[in-house]
Protein chains: 2
Amino acid sequence: MTSRPPVPPRMSDVAERAGVSKMTVSRVLSGRSVSQATREKVQKVIDELGYVADAAAGALSSGRSEFVAVLVPSLSSSNFSDTVRGLTAAFSPHGLQLLLGDTDYRLEQEELLVRSMLRHQPRCVALTGSRHTEATRTLLRRAGIPVVEMWDLPADPIDTAVGFSNATAARAMVRHLHECGYRRIGFIAGASERDRRGLDRMRGYVAEIKALGLGEPRVIRLGESPITMSHGAPAIGALLEAWPDTDAVMCVSDMSAFGAIMECHRRGLSVPRDIAIAGFGNFEVSWCCQPTITTVSVDAYGIGLRAGETLLAALAAREAGQTSRTKAVKIDFEVIARDSA
Amino acid sequence: MTSRPPVPPRMSDVAERAGVSKMTVSRVLSGRSVSQATREKVQKVIDELGYVADAAAGALSSGRSEFVAVLVPSLSSSNFSDTVRGLTAAFSPHGLQLLLGDTDYRLEQEELLVRSMLRHQPRCVALTGSRHTEATRTLLRRAGIPVVEMWDLPADPIDTAVGFSNATAARAMVRHLHECGYRRIGFIAGASERDRRGLDRMRGYVAEIKALGLGEPRVIRLGESPITMSHGAPAIGALLEAWPDTDAVMCVSDMSAFGAIMECHRRGLSVPRDIAIAGFGNFEVSWCCQPTITTVSVDAYGIGLRAGETLLAALAAREAGQTSRTKAVKIDFEVIARDSA
DNA sequence: TTGAAAGCGATACCAG
DNA sequence: CTGGTATCGCTTTCAA
């Protein structure tokens with residue numbers, strides 16, 4: 001009985017056994033012009049030996065990896081994991097692999113991850129949001145590869161961007177609630193400064209409340225990002241304590257909206273009869289919940305897909321010696337009126 | 001005004017500019033013994049140049065990458081993303097980076113990803129479940145690196161495993177419902193054969209129903225994996241149509257349990273008064289929902305953490321020339337009685 | 001269509 | 001503590 005080979009086979013082993021040169025093996029692997037007979041012969045040996053080419057050697061030699069660096073604030077938020085799916089859909093047909101990183105909503109963590117990912121010479125980078133440390137920006141600029149910022153429209157993009165204005169989207173929701181007749185509208189947000197998109201929504205709310213002359217903003221800030229379902233209950237409790245006559249509440253996310261609605265049920269408040277509640281994101285819970293939740297729909301998957309396409313276009317342009325023209329892709333959002341408001 | 005350097009600096013550039021050899025730069029980077037003065041001098045140049053070491057070259061030269069390959073059925077399921085967080089917690093202190101892959105519950109996709117990840121010479125591999133294609137098993141065995149299978153306890157593990165018996169956990173829930181006095185208990189599962197853990201839960205349900213003499217199993221199979229919230233509503237509809245006198249329903253996941261409960265609300269059925277509903281997984285929704293959902297709690301984060309520790313131990317043992325002894329780590333689960341059942 | 005030789009950019013190893 | 005040299009496994013380039 002032979003023991004497992006301590007050393008995996010190399011391309012030279014395959015070449016030798018197939019009676020060809022390394023180059024021929026390399027060509028077979030990369031699907032380039034090789035005679036049918038040789039190709040089959042080599043492929044047979046590859047299969048027999050279970051040969052797996054070393055990507056590090058290939059990357060070093062060719063000067064290009066097959067990696068795309070992707071950074072999201074949280075892998076467990078369904079909107080970001082949808083974005084990741086979109087990126088995967090864009091890149092995997094091109095044989096590019098995602099190098100995924102979870103920044104936990106922290107810019108320093110993002111910087112750390114960018115630094116560590118850049119070591120692998122990714123072909124391009126997708127990151128979330130428009131705020132980054134100065135070091136991150138410098139690192140990315142020096143890397144000289146295409147970069148896309150997702151989920152926002154930065155005033156000063158590093159390279160390109162695919163997103164929408166979170167403030168504008170929030171204003172649209174406030175207007176919707178206003179049109180529905182609500183006048184004493186509150187807002188539930190996270191307490192941390194880390195989630196800029198959440199803060200932008202809050203700013204949009206405040207701006208629109210003022211624009212509509214609806215009095216002082218009623219904002220409750222509570223809890224860390226990512227905002228989850230358990231955020232909603234204490235938040236609406238605090239809101240109703242501070243402003244008992246509130247007739248509608250807008251939440252920074254469908255997650256908190258759901259938590260708030262469940263808390264209302266517990267208190268015997270009927271939604272929307274006693275109080276209207278709206279969310280943001282069009283998460284699955286928003287249309288599965290009873291009552292269904294009025295929300296702002298954003299195509300998270302589409303953001304990833306478009307971001308991927310933008311990067312691929314930049315890569316292709318670069319290959320052709322041109323400069324890509326796309327600088328920003330604006331993603332649509334839509335207020336979806338449902339039962340809860 | 002100088003244009004951006006078309007070629008990023010190399011270690012030799014740093015060495016030259018700092019007046020030392022490449023080896024000294026390498027030592028500074030890896031934190032090995034270098035005189036304080038030299039270290040500072042070199043670090044200064046590194047910062048000035050924005051030098052980022054090439055990981056591919058390092059991996060090729062040292063024969064070891066800093067990658068850990070991780071495969072989960074779905075990145076957007078909160079249980080698996082918690083497991084990924086656990087793995088990250090275990091590995092990042094050791095400077096190891098996760099190479100994440102989403103198999104979409106498909107074994108062929110898993111095989112494809114394993115093949116592609118193995119090209120990067122990962123130090124070890126964590127995959128989900130006990131079922132894999134024969135090619136996957138062969139690839140992994142030939143790779144000769146530590147492997148852990150998560151979320152199940154395979155009869156024939158590739159190497160090591162960290163998980164629990166999904167069938168046993170489901171039986172515990174059936175017993176719990178039985179102890180609560182329910183006798184006409186149904187089960188809601190996915191229709192696809194792809195999610196083995198879901199199927200194991202279903203099998204556990206059937207076995208326990210028989211063991212308790214509760215008559216014929218009442219199983220509704222509907223929808224693809226991953227099972228999401230929208231699964232629950234049609235499933236409970238079908239169940240109540242087939243067996244209108246059902247007094248309790250056990251769901252393959254908290255997601256479907258939630259969807260089922262919302263559907264009951266819609267139909268004016270009170271949970272648990274008219275019908276009891278239990279879930280699986282102790283997802284956030286299970287304790288935020290009104291009523292709170294009776295479920296089986298599994299420490300998803302802990303599975304990832306333990307899996308990471310198991311792999312690290314195997315790596316350390318290997319380093320020391322020994323064989324790691326750990327073969328399987330059994331993770332506890334617990335039936336959590338809440339309002340819904 | 002195929003092969004030989006020359007690196008890619010880092011680290012291991014051995015000297016000094 | 002520091003430096004030189006060989007080398008990792010593959011692809012590029014050029015020649016046959």
Side-chain angles (χ1 to χ4, degrees), chain A residues 5-43 45-46 49-67 95 116 118-123 143 319, chain B residues 5-43 45-46 49-67 95 116 118-123 143 319:
Chain A
V7 169
R10 303 303 176 206
M11 190 179 275
S12 54
D13 301 321
V14 176
E16 194 179 352
R17 188 145 162 184
V20 298
S21 73
K22 280 195 303 176
M23 267 323 298
T24 301
V25 178
S26 174
R27 289 189 182 107
V28 169
L29 251 29
S30 57
R32 270 178 292 203
S33 59
V34 173
S35 77
Q36 187 59 27
T38 316
R39 154 160 283 117
E40 281 166 10
K41 184 171 59 181
V42 172
Q43 189 59 55
V45 176
I46 289 177
L49 260 45
Y51 170 66
V52 177
D54 183 330
L60 177 58
S61 178
S62 66
R64 48 161 48 192
S65 79
E66 307 288 75
F67 283 129
S116 126
L118 246 24
R119 288 171 36 86
H120 297 284
Q121 317 267 79
R123 294 276 273 279
E319 199 107 352
Chain B
V7 170
R10 304 302 175 206
M11 189 178 275
S12 54
D13 300 322
V14 176
E16 194 181 351
R17 188 146 163 182
V20 299
S21 73
K22 281 197 303 177
M23 267 321 299
T24 301
V25 178
S26 175
R27 289 188 182 108
V28 169
L29 251 30
S30 57
R32 272 178 290 203
S33 59
V34 172
S35 79
Q36 187 59 25
T38 316
R39 156 161 281 117
E40 282 167 8
K41 186 172 55 182
V42 172
Q43 189 59 54
V45 175
I46 289 176
L49 261 42
Y51 170 67
V52 177
D54 183 330
L60 177 59
S61 177
S62 66
R64 47 160 48 190
S65 78
E66 307 289 74
F67 282 130
S116 127
L118 246 25
R119 288 171 34 86
H120 296 285
Q121 317 268 75
R123 295 275 274 279
E319 198 107 354

Enquirer: Decide whether B/Ser30 and B/Arg32 meet the rule of one side-chain donor and one side-chain acceptor closer than 3.5 Å.
Expert: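 Short answer, yes.
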Enquirer: Once side chain to side chain contact (heavy atoms under 4.5 Å, CB included) is applied, do any residues pair with B/Met23, and if so which ones, sequence neighbours excluded?
Expert: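 Here the qualifying residues are B/Ser21, B/Ser26, B/Arg27.
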Enquirer: How does each nucleotide of nucleotides 9-16 of chain C score, in 5' to 3' order, for protein heavy atoms under 4.0 Å: base (B), sugar-phosphate only (S), or none (-)?
Expert: BBBBB---
Enquirer: Between B/Ser21 and D/dG4, is there a side-chain N or O to OP1/OP2 distance below 4.0 Å?
Expert: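 Indeed not, no polar side-chain atom of B/Ser21 lies that close.
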Enquirer: With the side chain counted from C-beta on, respond yes when A/Leu49 and A/Val14 share a heavy-atom pair under 4.5 Å apart, and no when they do not.
Expert: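 They are in contact (side-chain heavy atoms under 4.5 Å apart), so the answer is yes.
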Enquirer: Run the side-chain contact (heavy atoms from CB on, under 4.5 Å) check on B/Ser65 and B/His120 step by step: do they pass?
Expert: CA-CA 7 Å; B/Ser65 78; B/His120 296 285; 5.7 Å; no
Enquirer: Can you list the residues that meet the salt bridge (charged side-chain N to carboxylate O under 4.0 Å, His left out) rule with B/Arg64, with sequence neighbours excluded?
Expert: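 So B/Arg64 forms a salt bridge (charged side-chain N to carboxylate O under 4.0 Å, His left out) with B/Glu319.
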